[in-house]
Amino acid sequence: MKKNVNLAVAIGSLKIKNPVMTASGTFGYGEEYAGYVDLNKLGAIVVKGLSLKPRLGNPPPRIMETAGGMLNAVGLQNIGVEAFIKEKLPYLKNFDVAVIANIYGETYAEYSKVAARLSSVKGLHALEVNVSCPNVQKGGLSFGCDPRAAAEVTRRVKGETSLPVIVKLTPNVTDIAVIAAAVEKAGADAVSLINTLTGMSVDLKTRTPHLKNITGGLSGPAIKPVALRMVWQVVQRVSIPVIGIGGIMTPEDALEFLIAGAKAVQIGTANFINPRATMDVIDGITNYLMENKIRDIKDVIGTLRT
Amino acid sequence: MKKNVNLAVAIGSLKIKNPVMTASGTFGYGEEYAGYVDLNKLGAIVVKGLSLKPRLGNPPPRIMETAGGMLNAVGLQNIGVEAFIKEKLPYLKNFDVAVIANIYGETYAEYSKVAARLSSVKGLHALEVNVSCPNVQKGGLSFGCDPRAAAEVTRRVKGETSLPVIVKLTPNVTDIAVIAAAVEKAGADAVSLINTLTGMSVDLKTRTPHLKNITGGLSGPAIKPVALRMVWQVVQRVSIPVIGIGGIMTPEDALEFLIAGAKAVQIGTANFINPRATMDVIDGITNYLMENKIRDIKDVIGTLRT
Amino acid sequence: MAKEIFIGEIVSNEEIQKEFFLMKVKLDLSFDDPQPGQFIMIRIAGLNDPFLSRPISIYSFSRGKNYCTIELLYRVAGKGTRVLAGLIKSSQVEINGPLGGSFEIKADKKQIIFIAGGIGIAPLSLLAKQLYRSGCSSKESMSFYLGAKTADAIVGLDKLQKLCYNINVRTDDGSFGRKGLVTEAFQKDMKKYSATDTMIYACGPKAMVKALSKILTGTKFHCQASLEERMACGTGACVGCAVGIKDNKGNLTYKRVCADGPVFDIRQIVWE
Amino acid sequence: MAKEIFIGEIVSNEEIQKEFFLMKVKLDLSFDDPQPGQFIMIRIAGLNDPFLSRPISIYSFSRGKNYCTIELLYRVAGKGTRVLAGLIKSSQVEINGPLGGSFEIKADKKQIIFIAGGIGIAPLSLLAKQLYRSGCSSKESMSFYLGAKTADAIVGLDKLQKLCYNINVRTDDGSFGRKGLVTEAFQKDMKKYSATDTMIYACGPKAMVKALSKILTGTKFHCQASLEERMACGTGACVGCAVGIKDNKGNLTYKRVCADGPVFDIRQIVWE
Ligand SMILES: Cc1cc2nc3c(=O)[nH]c(=O)nc-3n(C[C@H](O)[C@H](O)[C@H](O)COP(=O)(O)OP(=O)(O)OC[C@H]3O[C@@H](n4cnc5c(N)ncnc54)[C@H](O)[C@@H]3O)c2cc1C
Ligand SMILES: Cc1cc2nc3c(=O)[nH]c(=O)nc-3n(C[C@H](O)[C@H](O)[C@H](O)COP(=O)(O)OP(=O)(O)OC[C@H]3O[C@@H](n4cnc5c(N)ncnc54)[C@H](O)[C@@H]3O)c2cc1C
Ligand SMILES: Cc1cc2nc3c(=O)[nH]c(=O)nc-3n(C[C@H](O)[C@H](O)[C@H](O)COP(=O)(O)O)c2cc1C
Ligand SMILES: Cc1cc2nc3c(=O)[nH]c(=O)nc-3n(C[C@H](O)[C@H](O)[C@H](O)COP(=O)(O)O)c2cc1C
Ligand code: FES
Ligand code: FES
């Protein structure tokens with residue numbers, strides 16, 4: 001049955017067997033969901049954001065439910081790039097799946113160093129550069145809010161690696177297409193969007209924010225319309241591949257992004273609610289193609305009629 | 001019972017009996033909901049956005065449901081300022097309620113003219129200046145995305161009226177506090193936020209956007225965390241009153257905004273789902289005060305502990 | 001006249017045909033007598049997903065001593081109607097209505113023609129019943145044209161048979177009645193009717209109403225058509241349910257299906 | 001070992017006390033035997049509001065011939081548990097589990113002490129039962145300290161009475177058992193127990209566990225406490241359910257209640 005349809009897509013030089021990836025920070029390092037899904041069937045695994053040094057993360061409470069979504073202020077807690085290479089990557093190498101390292105830093109130099117270190121090992125297929133980091137308190141705006149800073153990060157990372165570089169954009173900006181165009185010009189092989197929208201929630205009993213960090217990142221179906229709009233805007237502006245992220249729960253959600261022009265999608269918060277969400281999306285896309293007698297996913301991507 | 005608590009607040013020189021207003025575009029011209037709610041009990045009625053000339057609006061379909069919200073691309077359809085004064089205002093004058101005219105224009109001159117015309121009549125208590133207009137296709141960004149343009153609109157409107165001027169901000173910006181500070185400096189008596197987030201949705205059957213206008217404004221509980229975060233950011237930056245808007249469905253939602261520092265709130269999309277939402281919110285706030293033995297709503301506003 | 005949101009209690013909710021349900025709801029006596037063509041906005045009490053209420057026509061109405069009962073005839077079209085279909089007896093629904101305008105009854109028209117596509121039969125049934133009961137029209141003077149894709153999508157025929165003498169059924173695949181479009185069936189018979197003495201009431205998918213509008217162009221038939229649009233408020237406040245209508249001067253304006261309609265003179269509808 | 005999301009069928013869901021419910025759920029045989037302290041993530045199949053699943057401890061478990069049955073003892077705390085409470089027999093729930101680690105059983109400890117606040121009784125009940133059944137501990141060697149605000153919030157006592165000889169109940173207002181805090185009740189008895197021969201198992205609100213932690217500071221008692229935090233995934237992926245824990249060098253790290261816990265050595269918990 002499934003042999004009749006071709007789901008393979010290319011993100012620059014990275015060829016993946018289908019357009020469904022996991023979103024960074026929502027799928028751990030793969031292990032956490034390996035019991036529920038066959039990792040070999042995924043288009044790609046994007047691991048939890050990595051920094052040069054291990055990072056403690058924010059104090060709890062870190063999450064809160066909202067209407068059709070959730071807020072998180074994990075604060076990019078992670079084991080650091082060295083521990084990742086030693087403890088997590090070997091496990092991921094057991095699978096026939098593209099592994100994408102999501103990276104971030106607080107300075108240009110940090111981005112460079114993380115990129116360089118990860119490029120020195122085998123088993124990684126691309127880097128995704130998080131320029132958003134809305135949860136991490138730092139002086140001034142995040143890199144991703146300024147086209148020049150985002151471009152500079154891109155250039156630095158590109159200078160250190162021969163892996164395809166995907167720049168992951170923040171939605172907390174006036175014109176995301178401007179940022180996308182800037183990182184394209186700086187050499188990005190692809191862009192992925194969106195990261196979380198910054199939000200907040202208040203506990204009436206204590207009159208304190210529900211999150212210790214005060215604000216957090218909003219994810220889930222609530223943000224899907226915003227994500228889809230931004231993907232569509234960016235698709236029109238850049239010629240590099242665009243990866244759509246934001247509130248994808250079902251195959252139908254994923255198809256909306258693909259039709260709007262995303263070459264691939266990432267599934268985030270949906271994993272928490274349904275650990276098999278990625279599998280369900282892949283199966284559903286396959287069925288959609290078969291039902292509509294479409295042989296190749298490429299004949300779906302970017303076919304929005306306006 | 002209710003005599004024991006004081007809900008009255010002041011938005012600049014505008015004194016209102018309680019902090020609950022209707023949001024522009026979601027309550028018609030008052031008439032539509034007069035059968036369901038006692039208009040006299042509202043803090044204020046903000047009417048559908050008015051332009052100098054009548055405006056046709058966008059072709060249908062104009063709305064689409066989303067997770068915890070909806071998209072609209074009404075395109076600011078309205079009867080124009082003259083018809084409003086002749087046909088709608090007389091009706092509203094029958095009630096003992098503050099009436100706020102929401103206005104917009106496509107040029108500075110239009111804003112001035114609408115403001116001037118509305119200031120020449122009796123029965124209006126404030127102007128709310130919509131600088132967002134995400135639905136109206138126009139060259140370049142909306143006024144609300146540029147601090148200088150937003151400030152200029154504010155100055156023009158202030159120059160034409162002695163009514164309190166509330167500037168209504170768009171959330172589709174990198175830093176809303178910067179815009180708020182700019183309009184405060186330009187003389188705004190208050191700011192209200194947020195207007196809708198721009199979003200999109202795709203029909204898989206036809207592979208067209210669900211909205212004829214392609215994109216639309218996202219409203220409803222889905223956007224509440226973003227709205228609350230922005231209100232909190234703006235409250236910290238400006239000293240004029242801030243009116244909180246976005247996804248308020250329940251008294252608890254409204255209280256989150258008040259605790260975060262909003263002096264008043266507006267109820268929008270909730271009216272569609274529950275025509276009595278405004279009344280329920282007023283009653284619920286009253287109960288909250290009584291249960292917590294708070295005599296005055298002022299002792300709730302801005303009491304967030306971080 | 002104070003309006004309220006009614007808490008309706010489901011008396012029954014049966015699948016009368018695959019994907020078609022008949023829901024009977026008990027409402028407080030303060031619910032106004034609905035006019036044919038009017039609708040309600042319905043949602044499940046306390047449930048926020050689906051987020052918006054759904055518009056459904058009033059299919060039948062009766063006023064008892066202690067409560068009113070309305071019937072809704074609906075097709076499972078998506079998420080909202082699927083959730084409705086899952087409701088069991090005694091569940092509670094929130095109902096806002098009756099909403100919208102109604103079909104206009106012209107006593108001077110001798111011949112009444114109904115043209116319904118699929119679930120469009122719902123408001124026309126109530127209308128036929130009212131015309132019949134009020135004595136405005138007899139069984140003989142009312143002709144019903146009913147169309148659907150397949151036999152599976154023909155519902156509510158039994159009730160109609162008591163009201164109309166002449167019922168023409170068409171399905172796209174010929175699985176019930178004759179094969180073809182309901183509008184073609186009417187077109188074939190058209191010359192039998194006197195344009196000035198006839199009132200046509202239509203309700204169905206956009207494509208059907210549009211086809212009918214073409215057929216009627218250049219004729220003198222008067223036709224009232226009930227339209228559908230996605231709705232948010234159902235009360236005229238959001239201007240979301242817009243439909244292009246020619247104003248007196250022939251210019252395009254957008255009218256609200258919920259508050260200015262759902263019934264419009266077919267000649268005034270602007271088709272893209 | 002392939003993990004799956006189970007579709008559980010509700011066998012019963014009774015309000016055993018005001019705001020406290022006991023839910024019995026039938027699950028496929030492939031559901032693993034839960035260890036005491038483990039929990040499940042539960043949600044209503046197909047419902048997106050509330051959005052996240054809710055963590056609930058496994059209160060009891062039995063494996064039949066054709067299916068397993070778990071019991072959940074829960075308090076209506078907010079929206080999610082209120083929706084659960086409204087479910088009737090035969091409704092379906094989605095269940096992910098058993099999740100998390102469990103209480104560690106040390107055969108060398110002669111005296112077992114349970115300290116539960118309110119609904120914290122749920123996992124400790126399963127533990128007591130297992131200790132008793134496995135013969136590790138006798139009725140006499142197990143003491144249970146149970147506290148709650150009022151008599152209304154004391155649940156599950158009947159079951160316990162079959163397992164423990166010594167049950168001490170405290171309520172804040174003295175409406176059941178003695179007046180006072182459960183931790184104070186334990187503190188009073190503390191010198192009766194030999195610190196090295198005793199294992200303390202605790203579960204309850206943060207304030208209770210914190211108070212207990214203070215009482216135990218400087219003593220040699222070993223105490224395993226089950227913690228609660230808001231959860232999204234329940235499987236260790238989101239790192240949302242963090243709790244401050246001292247690592248081997250005494251430095252603060254954040255551990256996941258769902259995957260690294262929910263049971264922690266009380267001495268390692270870092271209190272803000
Ligand atoms: C005045 C009026 C009377 C109606 N009477 C009936 C009736 O008696 N019986 C019946 O079966 N149906 C009737 N409909 C159509 C019914 O409202 C839609 O089938 C229903 O809203 C679909 O919702 P859904 O969630 O099941 O489908 P989805 O496709 O999941 O709905 C998604 C969104 O689209 C809207 N939508 C989808 N189709 C329609 C449509 N045709 N018209 C309006 N909104 C739509 C929904 O309200 C929702 O916002 C009527 C519509 C209107 C406007
Ligand atoms: C490992 C574990 C086991 C638990 N076992 C039980 C049990 O056996 N019986 C029982 O009654 N309760 C138990 N709880 C607590 C239960 O999960 C919460 O009472 C429930 O999630 C509250 O959800 P709500 O929607 O009713 O309340 P709301 O206050 O509306 O919840 C809002 C949000 O806060 C979260 N939340 C609120 N309180 C808690 C809490 N105490 N712990 C974790 N998240 C919370 C919810 O998950 C949700 O995300 C357990 C919690 C954990 C972490
Ligand atoms: C708990 C959590 C942790 C996240 N951590 C990261 C991260 O480390 N790096 C990153 O680029 N994005 C991170 N994200 C953002 C997601 O990858 C994704 O962009 C966002 O959640 C929107 O997609 P969704 O709605 O499908 O979740 C995180 C999101 C969540 C919910
Ligand atoms: C159908 C619709 C029409 C609207 N029209 C206007 C308008 O004319 N002027 C304006 O300033 N805001 C308009 N808004 C925005 C609302 O006033 C409000 O800012 C926004 O919907 C967020 O609040 P909510 O989530 O409570 O709806 C409109 C919103 C909706 C849903
Ligand atoms: S649905 Fe809101 S105006 Fe018709
Ligand atoms: S709830 Fe996600 S890591 Fe614990």
Side-chain angles (χ1 to χ4, degrees), chain A residues 22-38 47-49 54-79 205 210-212 216 219-222 247 249-250 268-277 279-280, chain D residues 1-7 30 32 41-55 77-80 94-99 206 227-245 247 251-261 269-272:
Chain A
T22 62
S24 178
T26 66
F27 207 72
Y29 299 101
E31 290 165 314
E32 287 82 352
Y33 285 113
Y36 299 92
V37 308
D38 181 354
V47 302
K48 173 81 197 148
R55 195 180 172 104
L56 189 60
N58 288 328
R62 291 180 170 185
I63 53 175
M64 185 61 200
E65 186 179 67
T66 70
M70 63 176 279
L71 289 167
N72 91 80
V74 168
L76 296 167
Q77 171 173 354
N78 81 100
I79 56 175
K205 284 204 197 98
H210 274 120
L211 302 180
K212 191 79 180 173
S219 64
M249 301 288 284
T250 64
T269 304
N271 293 304
F272 305 158
I273 280 100
N274 171 16
R276 288 187 54 79
M279 298 294 113
D280 292 350
Chain D
M1 190 183 53
K3 292 178 192 163
E4 48 181 311
I5 304 302
F6 294 87
I7 303 293
S30 55
D32 285 338
M41 293 292 281
I42 187 169
R43 63 194 303 269
I44 297 172
L47 196 74
N48 292 319
D49 176 42
F51 182 64
L52 298 172
S53 306
R54 298 291 190 258
K79 186 185 191 174
E94 278 179 25
I95 286 186
N96 184 8
L99 298 168
K206 220 175 232 176
L227 298 182
E228 287 189 4
E229 257 308 322
R230 290 202 286 262
M231 291 187 178
C233 70
T235 59
C238 75
V239 206
C241 58
V243 59
I245 295 288
D247 69 9
N251 295 324
L252 171 71
T253 69
Y254 288 117
K255 294 286 184 189
R256 300 161 302 179
V257 169
C258 69
D260 304 314
I269 302 169
V270 179
W271 302 101
E272 311 119 57

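In what follows, chains carry the letters A, B, and so on, assigned in the order in which the sequence lines appear, proteins first and then strands, with residues in each chain numbered from 1. Quick note: numbers below take in every heavy atom, side chains included, and nothing from hydrogens, waters or symmetry partners.
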Report task. Kindly indicate whether the side chain of D:Glu4, heavy atoms from C-beta on, has any atom under 4.5 Å from the side chain of D:Ser30. Result -> yes
**Report entry** A:Ala222 versus A:Gly69, closest heavy-atom pair with distance
**Finding:** CB-N, 4.4 Å
Query - Portion of A:Glu65 that has a non-hydrogen atom of chain D nearer than 4.5 angstrom - result: both
Query raised in the report: Is it the backbone or the side chain of D:Asn96 that comes under 4.5 Å from a heavy atom of chain A, or both, or neither?
Result: side chain
Query - Nearest atoms (heavy-atom pairs only) where D:Phe51 meets A:Gly220 - result: CZ-CA, 4.4 Å
Requested in this report: Keeping the roles fixed (side chain from A:Asn58, backbone from A:Ala73), state whether a donor-acceptor pair exists under 3.5 Å.
Outcome: yes
Query - Region of D:Arg230 in contact with chain A, defined by heavy-atom distances below 4.5 Å - result: both
Report task. Answer with side chain, backbone, both or neither: which region of A:Thr269 has an atom nearer than 4.5 Å to a non-hydrogen atom of chain D? Result -> side chain
Query raised in the report: Under a 4.5 Å heavy-atom cut-off, does chain A meet the side chain of D:Glu229, its backbone, both or neither?
Result: side chain
Query raised in the report: Highest number of heavy-atom pairs under 4.5 Å with chain A: which of D:Ala242, D:Cys241, D:Ala259, D:Ala237?
Result: D:Ala237
Query raised in the report: Between D:Cys238, D:Gly236, D:Ser53, which residue shows the highest count of heavy-atom pairs closer than 4.5 Å to chain A?
Result: D:Cys238
Requested in this report: Measure distances from A:Phe27 to the heavy atoms of chain D and classify the residue's part below 4.5 Å as side chain, backbone, both or neither.
Outcome: backbone
Query - Sub-4.5 Å side-chain heavy-atom contact between D:Tyr254 and D:Val239 - result: no
Query raised in the report: Are any non-hydrogen side-chain atoms of D:Ile5 and A:Tyr36 less than 4.5 angstrom apart?
Result: yes
Requested in this report: For residues A:His210 and A:Leu71, determine if any side-chain heavy atom of one lies less than 4.5 Å from a side-chain heavy atom of the other.
Outcome: no
Query raised in the report: When only pairs under 4.5 Å are counted, which of D:Asn251, D:Asp49, D:Leu252 shares the most heavy-atom pairs with chain A?
Result: D:Leu252
Report task. Can you tell which part of A:Tyr29 gets under 4.5 Å to a heavy atom of chain D, answering side chain, backbone, both or neither? Result -> neither
Report task. Quick one: which of D:Glu94, D:Arg43, D:Lys79 has the most heavy-atom pairs under 4.5 Å with chain A, could you say? Result -> D:Arg43
Query - Structural part of A:Pro59 lying under 4.5 Å from a heavy atom of chain D - result: both
Requested in this report: Report yes if the side chains of D:Met231 and A:Phe272 come closer than 4.5 Å at any heavy-atom pair, otherwise no.
Outcome: no
**Report entry** A:Lys48 bridged to A:Glu32 by N-O distance under 4.0 Å
**Finding:** no
Report summary line: The interface call for A:Met249 against chain D, heavy-atom contacts under 4.5 Å, is side chain
